[in-house]
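Below is one structure, written out as structure tokens, with a few remarks after it.
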Amino acid sequence: MEKNCNNIPLSQIEKQKKYFYGSIINLLYLREANSPYVDATIQTLINQISGSNRFFGYQPEVLTIVSNLETARREPTQFRKCILDAANLVDTLKGGDSNV
């Protein structure tokens, strides 16, 4: 089993990527259901993704994912596009397999 420079198995990083992808896509459903937790969920994801930045080797895509989430929160007309862009960028992160 391969490990990254932080001795974290790539399989664990892959599972984290799948979690991020699913959580980001779930924001679309939360918003459609007019959930009062959309903003809090976005902030939680921003915190989790930012906290995982080191494990992903400080790839620039992490910053773009966080930016897309922040834009989705602040610009309602861009919500869907930004969420889909953020989810697609999760798959481009190096570490683990692609195609989450």
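Computed from heavy atoms alone, side chains included, the values below leave out hydrogens, waters and symmetry copies.
Interatomic distance, Ile65 CD1 to Asn88 CG, rounded to the nearest 0.5 Å: 10.0 Å. Between Leu93 atom CG and Thr64 atom OG1 the span is 9.5 Å, to the nearest 0.5 Å. Atom CD of residue Gln48 and atom OH of residue Tyr19 lie 3.5 Å apart, to the nearest 0.5 angstrom. Expressed to the nearest 0.5 Å, how far CZ of Arg73 lies from CG of Leu27 amounts to 10.5 Å. To the nearest 0.5 angstrom, Glu70 atom CD is 11.5 Å from Leu63 atom CG. Interatomic distance, Phe20 CZ to Gln16 CD, rounded to the nearest 0.5 Å: 4.0 Å.
The side-chain heavy atoms of Glu14 and Lys17, taken from C-beta on, include a pair separated by under 4.5 Å. In this structure, Gln12 and Phe55 have side chains that are not in contact, with every pair of non-hydrogen atoms separated by 4.5 Å or more. Counting heavy atoms from C-beta outward, Leu69 and Ile83 have side chains that approach closer than 4.5 Å.
Between the Glu75 side chain and the Ala72 main chain, no donor and acceptor come within less than 3.5 Å of each other. Judged by distance alone, the side chain of Gln78 and the main-chain N or O of Thr71 form no donor-acceptor pair under 3.5 Å.
The one candidate from Leu45, Ile49, Asn47 that meets the side chain to side chain contact (heavy atoms under 4.5 Å, CB included) condition with Val66 is Ile49.
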message: Could you go through Ile42 and Phe79, starting from their C-alpha distance and side-chain angles, then the distance that decides it, and tell me whether this counts as side-chain contact (heavy atoms from CB on, under 4.5 Å)?
response: CA-CA 11 Å; Ile42 290 173; Phe79 186 87; 4.0 Å; yes
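Shortest non-hydrogen contact noted between Ile13 and Phe56 is CG2-CE2, 3.4 Å.
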N/O donor-acceptor pairs under 3.5 Å from side chains in residues 28-38, not counting sequence neighbours:
unit_1	atom_1	unit_2	atom_2	d
Arg31	NH2	Pro76	O	3.3
Ser35	OG	Tyr37	N	3.1

